[in-house]
Amino acid sequence: MKISMTVNGKAVSGEVEGRTLLSGFLREQLSLTGTHVGCDTAQCGACVVHVNGQAVKSCNMLAVEADGADVGTIEGQANADGSLNVIQQAFQDHHGLQCGFCTPGMVMSAAALLKDNPRPSEAEIRKYLEGNLCRCTGYHNIVKAIMAASGQDVGSIAAE
Amino acid sequence: MPKDSGIGASSKRREDVRFLTGAGNYTDDINVRGQAYVYFLRSDIAHGRINSVDTSTAEGMPGVVRVFTGKDFEGVGGMPCGWEVTDKHGAPMQEPPHPILAQGKVRHVGDPIVAVVADSLEQARDAAEAIDLDIEELPAVIDMKSAAQEGATLVHDDLKNNICYDWQLGEADDAKVNDVFANAAHVTTLDLVNNRLVANPMEPRVAVAEYSRGTDEYTLYTTSQNPHVIRLLMCAFVLGLPEHKVRVVAPDVGGGFGTKIFHYAEEAFCTFAAKACNRPVKWTASRSEAFMSDAQGRDHVSTIELALDADNNFIGLRTNTYANLGAYLSTFSSSVPTWLHGTLMAGNYKTPVIQVNVKAMFTNTVPVDAYRGAGRPEATFQLERVIDKAARELGVDPIALRRQNFVTQFPYDTPVALTYDTGDYNGTMDKLEAAADLAGFAARRAQSEAKGKLRGLGVNCYIEACGIAPSNIVGMLGARAGLYDAATVRVNATGSISVMVGAHSHGQGHETAFPQVVADMIGIDESMVEIVHGDTSKIPFGMGTYGSRSLAVCGSAMVKATEKVIDKAKKIAAHLLEASEADIELKDGQFSVAGTDKSVAWGDVTLTAYVPHNYPLEVEPGLEETAFYDPANFTFPAGAYACEVEVDPDTGQVTIEKFTAADDFGNIVNPMIVDGQVHGGIGQGIGQALLENCAYDENGQLLSASFMDYAMPRADDVPFYGVDHSSQTPCTHNPLGVKGCGEAGAIGSPPAVVNAVLDALNSGGRAVDHIDMPMSPSRVWTAMHG
Ligand code: FES
Ligand code: FES
């Protein structure tokens with residue numbers, strides 16, 4: 001069946017099967033491969049995108065369910081001039097990524113968190129990231145980056 | 001003063017920009033025109049005899065290109081093992097075949113039986129459902145000690161038993177060891193399980209292979225930590241292809257942690273099938289598949305005994321370990337419980353007599369191989385746990401007991417085959433005591449107790465052998481590969497540099513850190529230097545990245561190649577400056593004649609190398625040098641870790657309140673990246689200690705086959721970590737004085753967590769001397785109330 005949606009501000013449409021996942025539609029049909037798939041049980045969060053402003057695991061939503069929606073992916077996060085946005089920049093500044101595989105989902109989740117809670121505490125960030133697994137960083141620098149992105153002073157946090 | 005560029009600077013990672021904007025290029029992002037998809041039908045039982053496989057219906061299903069079974073691979077080699085271990089009687093290890101697709105028997109849940117190639121993955125999967133398998137279930141061999149019994153069911157019918165090897169290191173004279181123990185003032189004994197883990201890099205494995213009939217060339221894109229090793233193993237031992245016709249590319253790789261070192265059946269399959277089907281073939285593992293096909297880690301069952309004299313000096317150590325290899329020998333599996341484990345049993349201590357015994361077992365489980373630390377975490381865990389138990393039994397301070405027994409003179413020859421070149425274990429412990437504020441622990445404990453919680457402090461040391469190692473030595477020990485690395489420094493006419501390195505970056509930040517070194521040596525901006533890695537067609541050769549070796553081994557090759565470049569550039573500069581080569585100095589990108597103000601810039605010299613009009617006749621044009629570097633010894637990073645936990649006495653719930661690492665990595669190129677490596681290792685170590693367990697039932701069913709039942713550490717399971725790297729004794733035998741940092745966190749942290757929990761329980765009056773990992777609330781609660 002045919003579906004249409006807005007992805008990163010651009011109108012797109014495509015032909016999908018009923019079983020096609022939103023993650024598959026983004027990756028395979030739209031070639032937006034920044035959205036990653038790290039599991040098949042909706043546990044890892046590598047696939048998080050925004051659907052109508054909400055953080056959603058795109059592996060856990062059918063493409064047809066997103067018909068007509070406004071979808072945002074990691075490819076649409078940078079500033080208009082191509083520079084990194086505040087969250088992306090904080091991840092680079094604070095070494096909040098290593099292999100980069102969880103990173104798109106982390107950035108999309110962080111953006112959703114900061115929209116609702118502009119100054120989250122360490123504990124709130126850790127709680128919010130429950131659905132985002134990272135195997136590389138031990139989370140230290142991810143939490144620190146999100147605190148920094150929300151304007152908090154992270155200078156006193158242990159280590160680099 | 002922190003530097004802002006070059007060696008020692010926390011340069012921000014240039015690779016981050018593509019990862020943060022969705023512009024990375026991971027293997028699953030690669031699609032080749034006309035590609036077909038393969039679905040592997042895998043065994044759902046642990047052990048069975050294959051009576052028949054009927055694929056006839058599947059072959060006629062929509063979209064099916066071809067269906068492969070074990071028969072298609074009868075003339076093809078099996079998956080090779082890269083390390084031959086010799087058992088204690090001098091016999092080679094038992095080495096059963098490991099076919100690409102099961103032949104005769106299935107030997108673990110997940111063993112691939114049939115591969116269906118179709119136009120789409122859905123069609124391949126649908127067709128696989130129409131395959132008729134007649135498999136007679138056999139009793140599963142799961143428990144290692146029963147597997148070792150005479151008369152046990154055999155995992156491999158052609159082997160004499162399930163013991164791959166019975167290996168020993170250290171003191172071979174049993175009587176002498178017995179004597180040490182008989183004369184000891186105190187002996188502490190501990191039975192330990194090092195729980196089986198799944199590495200679970202967030203990117204599942206993927207392989208895409210294509211074949212060109214026109215040129216008879218293959219290209220394999222694969223999620224690998226070492227593309228050259230994959231090419232060598234696959235070409236020479238599995239498919240019998242000429243290496244120059246095969247290109248292996250490992251593009252951006254989403255984490256490895258060891259499990260992407262190995263050559264896997266799926267990548268050999270795709271390469272084979274690309275020619276057989278005359279179509280590119282792609283395989284993407286689902287996470288469920290990863291749980292039953294990625295080589296798993298750890299899984300040792302050990303008894304360790306420590307003998308002390310009346311003054312609490314360590315006088316003897318003996319360990320007996322059963323190490324699970326799973327159903328087949330994965331690429332480096334045999335080396336892990338032996339040369340990467342037994343050799344580390346001296347730890348940071350001058351114990352004079354050590355005997356290590358290891359029985360490596362075949363069982364009907366997924367193969368086990370190196371996982372972050374690989375053998376060294378298992379050694380550290382045994383040693384640091386038994387020392388802690390000894391301290392408790394003797395009523396002495398565990399840190400003082402360790403300090404008393406530290407090796408303090410270097411170089412130090414251990415009784416288990418290593419020579420430690422440098423270290424300062426007391427100095428590193430001093431750093432830990434300060435960084436972790438151990439003096440303030442009593443007050444923190446009082447605060448926890450006021451809240452009704454028990455608080456414990458666990459401290460331990462670790463040492464690891466990294467940068468493996470001189471090829472002639474590892475060859476004697478059974479390695480079927482050399483363990484050097486290579487780099488080519490290609491200077492372009494305009495002075496920018498591409499460095500082709502054999503190491504592979506899959507999170508380690510080589511693209512940033514390696515250029516810091518080259519730029520520093522020449523005195524140019526880091527942005528002028530770029531790393532090329534992960535493609536056998538672009539790089540001279542490479543052994544890849546594992547064992548915390550990249551900078552120590554490949555980085556050394558890069559330094560050597562850069563030195564050659566500088567030497568040649570100096571000849572050109574001398575010609576341009578009409579001076580003697582011996583008088584030329586290079587600083588800040590300028591060649592100058594010592595004691596004069598005559599100089600010529602880096603870019604002018606490089607341009608001259610490619611436009612050699614005014615040029616020394618005896619020098620070849622161009623500026624490109626390659627070096628292979630084979631280390632003289634391992635490197636020996638070491639450290640001391642402290643963990644503080646709170647235990648809820650009502651529920652047994654453990655929370656990590658504070659974790660501090662003091663490591664000696666020798667010199668450091670990028671402190672930010674090094675800290676990140678340690679954080680990640682600690683996260684995995686805490687996962688092992690509290691959460692992660694790869695469990696099989698007695699029938700060999702994998703109970704933890706998804707992230708729903710395999711508990712990965714999440715952000716709220718861990719605290720911020722404190723890390724201190726100011727203890728630095730540079731490695732004495734590599735040019736950068738670096739030791740490696742990738743595995744330390746995973747090696748050093750599990751015993752700290754366990755020691756801390758036991759300290760908490762004992763502080764609450766419970767005499768508990770051990771809890772197996774993962775220390776789930778129920779295990780802790782049972783230990784407290786049991
Ligand atoms: S891929 Fe969506 S949660 Fe893992
Ligand atoms: S950066 Fe590798 S999984 Fe998070």
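Quantities reported herein were computed from a predicted structural model and do not represent experimental measurements.
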Undergrad: Sort out for me which of B/S706, B/G745, B/G683, B/G254 touches chain A most, counting heavy-atom pairs under 4.5 Å.
TA: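 The answer is B/G254.
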Undergrad: Quick one: what part of B/V253 sits under 4.5 Å from any heavy atom of chain A, side chain, backbone, both or neither?
TA: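 It is the backbone, since no side chain atom gets that close.
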Undergrad: Please classify the contact between B/A199 and chain A as side chain, backbone, both or neither, with a heavy-atom cut-off of under 4.5 Å.
TA: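 Backbone only.
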Undergrad: Would you compute the distance between atom CD1 of A/I146 and atom CZ of A/R126 and round it to the nearest 0.5 angstrom?
TA: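 Answer rounded to 0.5 Å: 10.0 Å.
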Undergrad: Non-hydrogen atoms of chain A under 4.5 Å away: do they reach the side chain of B/E15, the backbone, both or neither?
TA: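 Neither the backbone nor the side chain of B/E15 comes within 4.5 Å of chain A.
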Undergrad: Within 45° of the ring axis of B/Y37 and under 6.0 Å from its six-membered ring centre, is that where the NZ or CZ of B/R125 lies?
TA: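 Cation-pi check for B/R125 and B/Y37: fails.
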Undergrad: Under 4.5 Å heavy-atom distance to chain B, tell me which part of A/T137 shows up: side chain, backbone, both or neither.
TA: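 It is the backbone, since no side chain atom gets that close.
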Undergrad: Tell me yes or no: between the side chains of A/N141 and A/H94, is some donor less than 3.5 Å from an acceptor?
TA: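 There is no such pair between these side chains.
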Undergrad: Pick one of side chain, backbone, both or neither for B/D28, based on which atoms fall under 4.5 Å of a heavy atom in chain A.
TA: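 The answer is both parts of B/D28.
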Undergrad: So what's closer than 4.5 Å to chain A heavy atoms on B/S286: side chain, backbone, both or neither?
TA: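 It is both, since atoms from each part get that close.
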Undergrad: Specify which of B/M708, B/H506, B/E289 makes the most heavy-atom pairs with chain A at under 4.5 Å.
TA: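 It is B/M708.
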Undergrad: So what's closer than 4.5 Å to chain B heavy atoms on A/N85: side chain, backbone, both or neither?
TA: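 Contact with chain B is absent: no heavy atom of A/N85 under 4.5 Å.
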Undergrad: Under 4.5 Å heavy-atom distance to chain B, tell me which part of A/L97 shows up: side chain, backbone, both or neither.
TA: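 Answer is both: backbone and side chain atoms of A/L97 are under 4.5 Å from chain B.
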Undergrad: Tell me, side chain or backbone of B/E122 under 4.5 Å from chain A's heavy atoms, or both, or neither?
TA: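 When you check distances to chain A, atoms from both the backbone and side chain of B/E122 fall under 4.5 Å.
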